[in-house]
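Structure, as structure tokens:
None of the values given here were measured: they were computed from a predicted structure. Convention: sequence-line order gives letters A, B, ...; per-chain numbering from 1.
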Amino acid sequence: MIKYLLKKEFKQILRNPFLPRMIIMFPFMVLMVFPWAASYEIKNLNLSVIDNDHSSFSRELTQKVISSKYFRLTDVSNDYKQALKSIEKREADLILEIPAHFEKDLVNRQGAKVMVSANAVNGMKGGIGMTYLVSIVNDFNAGIIQDLMPVAPVGSSVPTVEIDSRYRFNQHLNYRVFMVPALMVMILTLLCGFLPAVSIVFEKELGTMEQINVSPVPKTTFILAKLIPFWLIGFIVISIGFIIAWVVYGLVPAGLFSTIYLFAAIYILAISGLGLVISNYASTLQQAMFIVFFFMLVFIMMSGLYTPIDSMPEWGKWFAAFNPLKHFMSVMRSVYLKGSNPIQLSKDLFALIGFAIFFNSWAVLSYRKKN
Amino acid sequence: MKQLMSFIRKEFYHILRDRTTMLILLGIPIVQIILFGFALTTEVKNTEVAVLAPTNDEATQRIIDKLNASAYFDVVTQIHNTNEIQPIFRDAKAKLVVVFDDHFAEKLRHNGKAHIQLIADATDPNAATSFTFYATNIIAGYQQELMGETKNPYQITPEVKMLYNPQMIGAFNFVPGVLGMILILICAMMTSIAIVREKEKGTMEILLVSPMKPIYTILSKITPYFVLSCVNFATIMLLSVFVLKVPIAGSFMSLVVVSLLYIFVSLALGLLISTITTTQIAAMLFSGMGLMIPVMLLSGMIFPIENMPMPLQIFSSIVPARWYIAAVKAVMIQGLGFSAILKEMGILALMSTVLIGISLKLFKVRLE
């Protein structure tokens, strides 16, 4: 019986003038365009400098800052008010204010201050910009100390802690490597969430649901027949994703493709199951779309795609644990960047299996053959 | 005029008599703004740290305590050799490993120099940059302690000020973006089926043979959704000000004016989708799924537009959310006045005319 139902489902999808094209085009468009947009790589920060000292030190510091690859000098302001104006006009992102007597204080061994103000309307950008600027000031300071500090007699010097930092898995701190796998997850989620959500309610609105309801098709068979096409669509979509990631961005997973396929297979079941549950409860297409839109947006925003989950309040972390997207997202990133295997990812594996069973049983149970 | 009023009334009935849908439409923004407002922050906090200290002594202990005491780090585990670093990262047990020299305190005392290596999981490059910076600062703080009284006479102290959001509260960063995103998506999804539904149900023919002018049909379709969207805007505003504690720093009136304009643009966008599609499914997928990614990524809500390559910057300027979010940030967070958002207002006004114009043109074609 399932054979005929599947035949019907595939025909319904393939003969729709819109769906097959969208299933192919959507991953292409998203993956070709948006990884270029999704970048937090902060360079070319616009800097407004207020130099109240006009000394060789202050000029050296300014020079050092703007010769780094991160900053671009937009203007030299006379006072803070003027600099703030350029921030308001969005011409500057940061202000570096060097106070008067900067050089004199340093030479006179009094210590000196500089003021760094960052526009924190975009918190990430402001934060990173501030980090870079402070690091450069510290570098400059180290140079000054070396130049000015009289050679200390051996043994009497203050002990120093040397720090060096290494970055693993993404040495060049390339943001695209981080975003492409995540965008693949997002595409998969949207397609395999939205489409099942409309598939049952669509039949309700069309009136063909009644024919199914009076047929001897068991509930489970019906849900399974709805599920399998999306399963295949998901596989096609993720394979397209693999190819684009490789051809366009030169990205191949450090781990195995089979690991990703395994997780994807379970994940698609989970997310499509949720879609079917929504479809069962909704009475109009519009309702189904809005509810699935609600869940998709919440899942995406709370998945760690853009903002770190560690920084969320405690309830937010709990919430994230019940978000299938979060699990699959971290799996994708781990496999792509760290080469993790299913045993290391067993926690996510069990969570996803749990979601798949939960949502699909619910879909079967909530499907009523009576109106 | 009387005609128009009765059509508007008809459209209101369409919405008001479908209680469930209306509750969904009004409920979605409430839940989302609260969830996102409280949970989203780009600040890197509570980073899990693993420590590799071959010799546990008072100096390493002091540094570990300092790390642990800060809001940025939680020291979760101690490891004993470098082979354990890779598995720690791979199993996501920690994001930062702090590796001390062996005999750290002794080296510090006798050689005057000891070494710490910070190894970061750079899967998320920006988080890695940030927490490495924080860790470096905290260890530098220990260095200060060592110096004690003998203050470095050549020290340059950077005084840092985060403008407009000194405490780096996530809601300040995300409320304008979330507001822009929710409004445009819900508005566009609502109106996107307004015309196509009549086409599917066959009632379009009745509309077409009625003496109504197309512009009236379009206006009557938009009006009830406009009212509904204003209610949504009001709830989002109330929640952000009173629950999320994001004050409106600038003029409230400018915020209202630009928001009404934006709602109109979003509704017009949905209407345009409705006139060019032939099925409800296509219209809904187009407005819900198709708009979601561009609005999220090209609006400056998360990723700054200035960092994008030129073609994308140009592309992003046709996303209405980009201009609206910029205006909301200027008024609500930066506290600027009406004159600061004139450009955004102008662009949004232009967009609404163009969108309505195109809908009207396409609508007419179908009349013939």
Side-chain angles (χ1 to χ4, degrees), chain A residues 18 30 34 36-40 109 111-125 130-131 134 137 141 144-145 148 157-167 169-170 173 175 178 190 194 198 285 287 289-290 293-294 301 306-308 310-312 316 333 337-338 340 344, chain B residues 21 24 28 36 39-43 45-46 90-91 108 112-113 115-128 132-133 136 139 143 146-147 153-165 168 173 280-282 284 288-289 293 297-298 302-304 307-309 312 329 333:
Chain A
F18 177 70
V30 172
F34 292 104
W36 305 96
S39 167
Y40 263 141
R109 309 172 53 100
K113 275 191 281 196
V114 292
M115 269 70 83
V116 172
S117 313
N119 183 352
V121 169
N122 183 324
M124 181 55 114
K125 192 177 178 191
M130 179 273 290
T131 311
V134 169
V137 170
N141 195 13
I144 295 267
I145 292 173
L148 294 184
S157 71
V158 185
T160 48
V161 181
E162 286 176 342
I163 309 164
D164 76 311
S165 28
R166 301 276 166 81
Y167 297 107
F169 307 116
N170 187 0
L173 298 177
Y175 212 77
F178 179 60
L190 289 178
F194 268 101
V198 295
L285 205 59
Q287 278 177 12
M289 279 305 236
F290 272 108
F293 156 79
F294 170 76
M301 298 301 285
Y306 305 116
T307 60
D310 288 340
S311 308
M312 287 183 186
R333 281 175 173 161
L337 286 131
K338 303 183 192 171
S340 306
Q344 287 147 353
Chain B
T21 311
I24 294 171
I28 287 175
F36 300 160
L40 299 187
T41 168
T42 46
E43 248 220 312
K45 284 184 284 194
N46 310 326
R90 197 169 279 163
D91 303 347
L108 205 56
K113 204 186 266 184
H115 192 247
I116 294 177
Q117 194 175 40
L118 301 174
I119 303 174
D121 174 353
T123 318
D124 180 347
N126 276 29
T132 313
F133 174 77
T136 310
I139 298 169
Q143 173 85 55
L146 281 183
M147 294 184 166
Y154 302 113
Q155 184 69 43
I156 302 176
T157 320
E159 270 182 9
V160 174
K161 193 153 69 171
M162 301 308 277
L163 299 170
Y164 311 117
N165 186 7
M168 295 296 272
N173 295 140
Q280 282 193 65
I281 289 202
M284 287 298 261
M289 211 171 83
I293 296 185
L297 296 180
L298 290 179
I302 302 167
F303 303 105
N307 290 5
M308 294 174 193
L312 274 185
K329 280 180 175 169
I333 309 294

Inset, instruction - Against chain B, work out which of A:Val116, A:Asp310, A:Leu337, A:Asp164 has the most heavy-atom pairs shorter than 4.5 Å and name it. - result: A:Asp164
Legend entry - Distance-minimising heavy-atom pair for A:Gln344 and B:Arg90: OE1-CD, 3.1 Å
Inset, instruction - For the residue pair A:Tyr175 and B:Asp124, establish whether any side-chain heavy-atom pair is separated by less than 4.5 Å. - result: yes
Inset, instruction - Output yes when a side-chain donor or acceptor of B:Thr21 lies under 3.5 Å from a complementary backbone atom of A:Gln287, and no otherwise. - result: no
Legend entry - Side-chain heavy atoms of A:Met124 within contact of B:Ile302, under 4.5 Å: no
Inset, instruction - Report the C-alpha distance between B:Asn46 and A:Met312 in whole Å, list the side-chain angles of each, state the deciding distance to 0.1 Å, and finish with yes or no for side-chain contact (heavy atoms from CB on, under 4.5 Å). - result: CA-CA 9 Å; B:Asn46 310 326; A:Met312 287 183 186; over 6 Å; no
Legend entry - Residue selection (most heavy-atom pairs with chain A, distance under 4.5 Å) from B:Asp121, B:Ile24, B:Ile333: B:Asp121
Inset, instruction - Could you tell me which non-hydrogen atom of A:Thr307 sits nearest to which non-hydrogen atom of B:Thr41, and how far apart they are? - result: CB-O, 3.4 Å
Legend entry - A:Ala120 backbone acceptor or donor facing B:Asn173 side chain under 3.5 Å: yes
Legend entry - Over all atoms of both residues, closest heavy-atom pair of B:Leu40 and A:Met301: CD2-O, 3.3 Å
Legend entry - Under 4.5 Å from a heavy atom of chain B, the part of A:Val121 involved: both
Inset, instruction - State, yes or no, whether a side-chain contact exists between A:Met130 and B:Met162 at a heavy-atom distance under 4.5 Å. - result: yes
Legend entry - Residue A:Phe290 versus chain B: region with a heavy atom under 4.5 Å: both
Inset, instruction - Determine, step by step, whether A:Arg166 and B:Gln117 satisfy the side-chain contact (heavy atoms from CB on, under 4.5 Å) criterion, reporting the C-alpha distance in whole Å, the side-chain angles of both residues, the deciding distance to 0.1 Å, and the verdict. - result: CA-CA 8 Å; A:Arg166 301 276 166 81; B:Gln117 194 175 40; 2.8 Å; yes
Inset, instruction - Could you check which of B:Leu297, B:Ile139, B:Leu298, B:Asn165 has the highest count of heavy-atom pairs closer than 4.5 Å to chain A? - result: B:Leu297
Inset, instruction - Quick one: do A:Val198 and B:Gln280 satisfy side-chain contact (heavy atoms from CB on, under 4.5 Å)? Show the steps, please. - result: CA-CA 10 Å; A:Val198 295; B:Gln280 282 193 65; over 6 Å; no
Legend entry - Heavy-atom proximity to chain B below 4.5 Å, by part of A:Phe18: side chain
Legend entry - Options A:Pro308, A:Gly316, A:Ala118, A:Ser117, ranked by heavy-atom pairs under 4.5 Å with chain B, top entry: A:Ala118
Inset, instruction - Looking only at non-hydrogen atoms, find the nearest pair between B:Phe303 and A:Ala37 and report the distance. - result: CB-O, 3.7 Å
Legend entry - Any B:Thr132 side-chain heavy atom under 4.5 Å of A:Tyr167 side chain: yes
Inset, instruction - Can you measure from OG1 (B:Thr136) to CD1 (A:Ile163) and round to the nearest 0.5 angstrom? - result: 5.0 Å
